[in-house]
Amino acid sequence: MAVRIDGKAVAATVRAGVAEEVAALKEKGIFPGLAVVIVGDDPASRTYVNNKKKACAETGIYSEEYALPASTTQEELLRLVETLNQKKDIHGILVQSPLPDGLDEEAVVEAISPQKDVDAFHPENVGRIMIGNFHFLPCTPAGVMELLRSQNIEVAGKRCVVIGRSNIVGKPMAMLLLHQNGTVTICHSKTQNLAEICRSADILVAAVGKPKFVTADMVKPGAVVIDVGMDRDENGKLCGDVDYANVEPKVGYITPVPGGVGPMTIAMLLKNTITAAKLQNGWQYEA
Ligand code: NAP
């Protein structure tokens, strides 16, 4: 039977650390602030934004919400980002994706000041991650690394396989594992012999977006399986990319969905907001 990595518990520990650090910063006159921008009325985005605001409130981080109608133009959105770039009480800016059709997400991300880019999606921050000289790490992959650390799982020398190569999860995930000296393979929809490659993994990270995609025959006995997926099963119930019921008995460690990687993402966003506040107050960030 596998060790079930409890993301809720690990996230709670991270958040407690954030709350302590926020209190210490406030004593020094620094009040970390996050602006969350939401455009349109996508219900899932609304839930994410509410959760982020709630997490800020619980840890003492000041937050502002900017809810714009779906009819917002690119120019209006870019103007708001520029205003937030200049705002002294805002250290982090997050524009909730997806944006409504007609808005250019890439241009919006590039307009955010790299020092306030708490999602770490700006090309400057992506480049920094690539060379290993970064201020921020993208929240979901950073959350996965924190989960591995929480179990004292050594990455160095391990065979790591990441399924998925998106800019927000797969690619940075692979890079973080590489920074920790894993031997990393990235798989995608054109990969051949996927099951065989996955079976070679000591650490398998699934970020595919397909319910129960990773089956028991695709994992090595005793492997560490991290499920980033947030999918819906045939009954509309939230599930991951991993067929948990059948994979769990075979592996050494596994994250559940819900309650695995998901809670870590917001916890890491809070950490990045503190880092941003420090950076903007002239403090060197220690990675
Ligand atoms: P994405 O942009 O759709 O990327 C999916 C990746 O999976 C692509 O690289 C795609 O390959 C690959 N893929 C698709 N079908 C495949 C197949 N049959 N075999 C091998 N690879 C295949 O998705 P994403 O944004 O990275 O998100 C992935 C999942 O993580 C989703 O379920 C999402 O909801 C979840 N997620 C969770 C969190 C969290 O906080 N827990 C955060 C972000 C995302 P190609 O590149 O070749 O198309």
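Note that the structure is a prediction, hence the values are computed from the model and not measured. We count ligands from 1, going down the list as the structure has it; atoms in each ligand are counted the same way.
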Asks: Hey, is Val208 touching ligand 1 through its side chain, its backbone, both or neither, going by heavy atoms under 4.0 Å?
Replies: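 Both backbone and side chain.
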Asks: One residue to check: Val228. Relative to ligand 1, which of side chain, backbone, both or neither has a non-hydrogen atom less than 4.0 Å away?
Replies: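 For Val228, the contact with ligand 1 is made by both the backbone and the side chain.
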Asks: Any non-hydrogen side-chain atom of Val257 less than 4.5 Å from a side-chain atom of Cys239?
Replies: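 Side chain of Val257 against side chain of Cys239, heavy atoms only: no contact under 4.5 Å found.
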Asks: Provide the number and element of each atom of ligand 1 under 4.0 Å from a heavy atom of Gly262.
Replies: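 Answer for ligand 1: 41 (N).
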Asks: Run the numbers for me: atoms of ligand 1, each under 4.0 Å from some heavy atom of Ala207, listed by number.
Replies: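 Those atoms are 5 (C), 6 (C), 7 (O), 28 (C).
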Asks: Among Gly229, Cys239, Ser166, which one has a heavy atom closest to atom 4 (O) of ligand 1?
Replies: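 The option holding the nearest heavy atom is Ser166.
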Asks: Could you identify the single nearest non-hydrogen protein atom to atom 17 (C) of ligand 1 and state the distance to 0.1 Å?
Replies: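 Protein heavy atom with the smallest distance to atom 17 (C) of ligand 1: Phe213 CZ, 3.6 Å.
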Asks: What is the closest protein heavy atom to atom 20 (C) of ligand 1, and at what distance does it sit?
Replies: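 Nearest protein contact, heavy atoms only, for atom 20 (C) of ligand 1 is His188 O, 3.1 Å.
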Asks: Please work out which of Lys190, Met173, Arg165, Met230 has its closest non-hydrogen atom nearest to atom 34 (O) of ligand 1.
Replies: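 When every heavy atom of Lys190, Met173, Arg165, Met230 is considered, Met230 comes closest to atom 34 (O) of ligand 1.
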Asks: For ligand 1, which atoms, with element, lie under 4.0 Å from some heavy atom of Thr265?
Replies: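 Numbered from 1, ligand 1 contributes 39 (C), 40 (O).
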Asks: Compute the minimum heavy-atom distance from Cys187 to ligand 1 and say whether it is under 4.0 Å.
Replies: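 The answer is no: ligand 1 sits nowhere under 4.0 Å from a heavy atom of Cys187.
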Asks: Starting from atom 29 (C) of ligand 1, find the nearest protein heavy-atom neighbour and note its residue, name and distance.
Replies: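 Ranking protein heavy atoms by distance from atom 29 (C) of ligand 1, first comes Gly209 N, 3.7 Å.
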Asks: In ligand 1, which numbered atoms sit nearer than 4.0 Å to a non-hydrogen atom of Asp231?
Replies: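 In order of numbering, the contacting atoms are 32 (O).
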Asks: Give me the nearest non-hydrogen protein atom to atom 48 (O) of ligand 1 as residue plus atom name, then the distance to 0.1 Å.
Replies: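 That would be Ser189 OG, 3.6 Å.
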Asks: Can you name the one residue among Met173, His179, Lys171 that meets side-chain contact (heavy atoms from CB on, under 4.5 Å) with Met175?
Replies: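 Going through Met173, His179, Lys171 one by one, the side-chain contact (heavy atoms from CB on, under 4.5 Å) with Met175 is satisfied by His179 alone.
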Asks: Determine whether the side chain, the backbone, both or neither of Met264 has a heavy atom under 4.0 Å from any heavy atom of ligand 1.
Replies: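 Under 4.0 Å from ligand 1, Met264 contributes no heavy atoms.
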Asks: Could you check whether Glu21 pairs with Lys26 (Lys NZ or Arg NE/NH1/NH2 to Asp/Glu carboxylate O, under 4.0 Å)?
Replies: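 Salt bridge flag = no for Lys26 with Glu21.
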Asks: So, Asp241 side chain and Val208 main chain: donor-acceptor pair closer than 3.5 Å or not?
Replies: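 Judged by distance alone, yes, a pair lies under 3.5 Å.
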Asks: Just by modelled atom types, is the Leu99 backbone N or O under 3.5 Å from a matching donor or acceptor in the Ser97 side chain?
Replies: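 Such a contact is absent between Ser97 side chain and Leu99 backbone.
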Asks: How far is atom 12 (C) of ligand 1 from the closest protein heavy atom, and which atom is that?
Replies: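 Sorting protein heavy atoms by distance from atom 12 (C) of ligand 1 puts Gly164 CA, 4.1 Å first.
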Asks: Tell me whether Glu75 is salt-bridged to Arg79, with the criterion being a basic N under 4.0 Å from an acidic carboxylate O.
Replies: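 Not counted as a salt bridge, because no side-chain N and carboxylate O are separated by less than 4.0 Å.
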Asks: Could you check whether any heavy atom of Gly170 sits closer than 4.0 Å to an atom of ligand 1, since that is the contact criterion I want to use?
Replies: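 No, Gly170 has no heavy atoms under 4.0 Å from ligand 1.
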Asks: Between ligand 1 and Ile168, can you find any atom pair, the residue atom being a heavy atom, that is separated by under 4.0 Å?
Replies: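 Contact present.
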Asks: Does Gln86 have any side-chain hydrogen bond (donor to acceptor under 3.5 Å, both in side chains) partners at least two apart in sequence or in another chain, and if so, which?
Replies: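 In terms of side-chain hydrogen bond (donor to acceptor under 3.5 Å, both in side chains), with neighbours along the sequence ignored, Gln86 is linked to Glu82.
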Asks: Looking at atom 27 (O) of ligand 1, what's its closest protein heavy atom, distance included?
Replies: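 So the nearest neighbour among protein heavy atoms is Val169 CG2, 4.4 Å.
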